[in-house]
Amino acid sequence: MGRMGDRATLLESGRYERQHAGPDAEAFDEADAAPDLTGAWNTAGVDFVEAAADTVEAEARHRRAADGGDTAAMSVLGAMLLRRGDLDAAEPYLRAATADGDRAAANNLGVLLHQRGYPDEAAGWWRVAAVAGSAAAAHALGRHHRERGDEPAAEYWLRQSAEQGHALGAYALADLMEHRGDAGAERWLRAAAEQGHREAAYRLARALEKRAPREGAEPAATEQPTESGAAGADGAEQWYRQAAARGHRRAALHLGAILEKRGELKEAGRWYLMAAKGGEPRAACALGFLLRDAGDEDSAAVWWLRAAQEGDGNAANALGALHAARGEYQTAERWYRAATDAGDVNGSYNLGLLFAAQGRTAQAEQWYRRAAYAGHREAANALAILLLQADDPHGAEPWFSKAAEAGSVDAAFNLGILYAGRDDDRAALGWYERAAAAGHTEAALQVGMARLRDGDEREAERHLRCAAGGGSAEAAFRLATVLDARQPRPEPHTLGQPQTPKSECEEWYERAAEQGHRRAQVRVGMLAAARGDVAEAARWYREAAEAGSRNGAFNLGLLLARDGNEREAALWWSRAARAGHGRAALRLALLAARRGELAEGRRWCARAVELGPAEVAERAARLSEALHQELTA
C-alpha cells in the first residue's frame, strides 16, 4: 500500500469542486466585468459614455458644461464622481440629469442610492431607467428582486437585460435559471461568455465537462453536439481557456488539469503557476506534483508548503510523504496531522502507514480505525490486515467486507484468502472472482487454479491469461502447462535438423522463467534441449539450480556429464541429492562405483532408496547389493 496524497486525489476527490453557498456564491468573488463601481453592486454598471476619460481636465470640462445646464454633461460628471466614491458631489448632478430624462443618470442614481442604503428608492430609479431601455438598470433591478425573493420579477427584468445583449444580465439570468433547475440556463451562460464574462465562461466549461461522457463510455444514440459545435471536454477547454486568459484562477486550475492529462505538461504548468500565484492552493499543489515528476523535489516542496499553509490537505499529505521517504518521520507526522486537521481523511490513513512502518502498531491501528470509520476503504483493508496479524480473524472480517463493498480490490482478495483458510472454498472463490473481475492479478490466478481443479479448462485458461498478462509468473507457468498438454509430443531432435519455431506455450514458459520461476526455468531448459539448443538448455538449468531447484541441478549435471565434465556434474548432482532428488543420488552412486569407491557408492545407494521413486529405489537396492558383494568378495 502506498501513501495517499498523489495527484490522483486532486481530480478524483469531491474536494476539487468548491460547493456553492448559494445562487451567487461564486458569481462575484472576482471582478468579472464592467469596471464601473466598487462594493456589492459593481456589476450593475455605471451607464455613461466611456470615451469621457476620467482626468482632471475632462472633469473640469464636464463640470463647466453641467453647471451651464447641459444634461449629458451632468450625467457623465455624476458618473465620474460616483465611480470615484464622491457620493455627495455626484448626487445633485445625477438627480438633475435624471429630471431631464437621462436614463443613464437614472440608473446611476439608483446605484448611488443603493450604496447609501436606500434599496427601495434605488429600485424605483432603476425601474425608470429600465423602462427607458437601460440594460444595466434592468440587470440591477432583476438582482434587487432576486435578493428579495421575488423570482418571477427578477426573471422578467434579467431577461430584459439579457435580451438586450447585456453580459451581466445574461449571466445573472443563467444563474437564476440554474438555481431553479430550469432548462436553458446554458444558453444564457454561453451568451455572457461570448461577450467576455469570465465567470460565465468558467461555469459554462464546468457544465460542459460534467455533461461529457466518461472516458471509455459509449455516447448515447440521441446525443447531439452543443451549440458551439464542440461537445464535452474539448468544448470545456475552450471556455476554461477564455476565462483563464482573463485571470480566472479556478479556470486556470481546470485548464491545467486538462492539459496535464493530455500530456502537455509545460503548458499545464504555466496555467497552474498563474492560478497558484493568484492564491489558488489546489493549483500550487498540482504544480508541486508536476515539479516532483520532473525531478525537482525541492521546488515541489516550496509549492506544496504554500498550498498546505493555505489549508490544502492534499499538499500536506504530499509533504508528509516527501519527508517520510527521506526518513524524517517526525516532520512527516506533523504534515500528516495537518492534512487530517484540514479534513483530509488520507492524512489519517497515512499516519497509520507511518506508524505501522515504525512498528508502532497500537497507534497505527488507532489512525487506520479513524480513517476507516470516515469511509476510507484502504484504511479499512489495512486495519483488517493488522487485526489478522494480531490473530483476530473475526475482528478483521467485517473491515475486509466494508472495504471490499466500498470497492477495494485488495480487500476482496484478502477476503478470499480468509475464507480459503477456513476451507470455505465456495465463499473464497466468490471473492476471488470479484477481485479478478476488477483486474487483481493474484485473484485471477486463484480463480484459474480453481477452474483447473473443477476441470473447466476454458475458463481456467481465460483467467490464467489475465493473471499472466498482469505479470504473475505462476500464472504464466500454469497457462503454459495447460497449452503444453494440448500439444503433440515433439519428435526427438537430430543433428542437422532445422530448429522449429517456439510455440505459444514455450513463450509463456519463458516469460515465467525470466521472472525467476524455477519450474518454468527447468521446463524451458528441457524444451531447448529437445530442440537441440544445448547451450540455451544449460543456461536455464543453471539459473534454476542456482535458485535452489533440484530438478535444475540434476538436469544440468546430465548435460555436463554428456559433455564429459563428470566432476562438475557430480557437484550439481550432490546439490540435487541433498535437496531430496533420488535420481541424482543414484547417479552419484554409479559414479562412485565406476571409480571404485564402493563404500561411497553404497552410501548414495541408501540415499536413493530413501528418496525414491519406486523405480529408482529398486535400481539403487540392486546396485547396493552388487557393491556389497564386491566389498565382501
Side-chain angles (χ1 to χ4, degrees), residues 1-2 368 372 377-486 504-524 544 547-549 551:
M1 293 176 291
Y368 283 150
R377 66 189 188 191
E378 296 308 326
N381 181 56
L383 174 60
I385 292 172
L386 212 60
L387 293 170
L388 201 59
Q389 290 170 343
D391 200 24
D392 184 7
H394 294 291
E397 183 177 349
W399 287 112
F400 277 140
S401 295
K402 184 175 182 179
E405 294 297 345
S408 171
V409 181
D410 287 336
F413 177 67
N414 289 337
L415 272 173
I417 294 174
L418 191 67
Y419 282 113
R422 297 175 182 172
D423 294 326
D424 189 347
D425 294 338
R426 184 175 180 180
L429 181 58
W431 286 108
Y432 285 146
E433 286 179 329
R434 184 164 175 172
H440 195 287
T441 297
E442 291 304 311
L445 169 62
Q446 293 300 323
V447 175
M449 291 168 61
R451 294 304 181 207
L452 277 178
R453 288 193 297 270
D454 295 341
D456 189 350
E457 192 174 289
R458 183 175 179 181
E459 275 298 292
E461 180 182 342
R462 184 172 71 85
H463 282 95
L464 289 173
R465 284 187 182 277
C466 290
S472 169
E474 183 65 25
F477 173 73
R478 290 181 179 272
L479 174 60
T481 60
V482 169
L483 299 174
D484 203 1
R486 297 175 186 167
E504 185 189 5
C505 79
E506 187 168 358
E507 290 174 355
W508 284 113
Y509 278 135
E510 284 191 358
R511 182 178 296 194
E514 286 163 358
Q515 293 175 256
H517 194 287
R518 292 183 300 181
R519 292 172 66 193
Q521 289 170 340
V522 173
R523 186 62 183 145
V524 171
S549 169
N551 286 330

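Remember, predicted model here, so these are calculated numbers, not experimental data. Just so you know, these numbers use all the heavy atoms, side chains as well, and skip hydrogens, waters and symmetry mates.
For the atom pair OG1 (T481) and CG (L452), the distance works out to 7.0 Å, reported to the nearest 0.5 Å. Taken to the nearest 0.5 Å, the CD1 atom of I385 stands 9.0 Å off from the CD atom of E378. Taken to the nearest 0.5 Å, the CG atom of D484 stands 11.5 Å off from the CD atom of E504. In this structure, the separation between CG on L415 and CD on E405 is 8.5 Å, given to the nearest 0.5 Å. Taking NE2 from H463 and CZ from R478, the interatomic distance works out to 15.5 Å, rounded to the nearest 0.5 Å.
Note: Y432 and F413 have tilted aromatic rings, judged against thresholds of 30 and 60 degrees for the angle between ring planes.
Contact of the E507 side chain with the E510 side chain is not registered, since no non-hydrogen atoms from C-beta on lie closer than 4.5 Å. Between F477 and R518 the shortest side-chain heavy-atom distance does not fall below 4.5 Å.
Smallest separation of non-hydrogen atoms from A384 and A396: O-CB, 3.2 Å. The minimum heavy-atom distance between A473 and A512, with the atom names listed, is O-CB, 3.3 Å.
Under the rule for a side chain to side chain contact (heavy atoms under 4.5 Å, CB included), the partners of R451 that lie at least two apart in sequence or sit in another chain are L429, E433, V447, D454, D456, E459, A460. With sequence neighbours excluded, the residues forming a side chain to side chain contact (heavy atoms under 4.5 Å, CB included) with A475 are L445, L464, A467, A468, S472, listed by chain and number. Scored by the side chain to side chain contact (heavy atoms under 4.5 Å, CB included) test, P398 finds no partners at all (sequence neighbours excluded). Residues passing the side chain to side chain donor-acceptor pair (under 3.5 Å) test with R519, sequence neighbours excluded: none. In this structure A390 satisfies the side chain to side chain contact (heavy atoms under 4.5 Å, CB included) test with no other residue, sequence neighbours excluded.
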| task | For L418 and W431, run side chain to side chain contact (heavy atoms under 4.5 Å, CB included): C-alpha distance rounded to whole Å, both residues' side-chain angles, the deciding distance at 0.1 Å, then the answer. | result | CA-CA 10 Å; L418 191 67; W431 286 108; over 6 Å; no
| task | For W399 and N381, run side chain to side chain contact (heavy atoms under 4.5 Å, CB included): C-alpha distance rounded to whole Å, both residues' side-chain angles, the deciding distance at 0.1 Å, then the answer. | result | CA-CA 6 Å; W399 287 112; N381 181 56; over 6 Å; no
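Side-chain N or O atoms of E457 include none that pairs as donor or acceptor with a backbone N or O of V482 at under 3.5 Å. The backbone N or O of D410 lies less than 3.5 Å from a partner atom in the side chain of N414, making a donor-acceptor pair.
For residues 413-428, the set of pairs meeting the salt bridge (Lys or Arg N to Asp or Glu O under 4.0 Å) definition, not counting sequence neighbours, comprises E397-R422.
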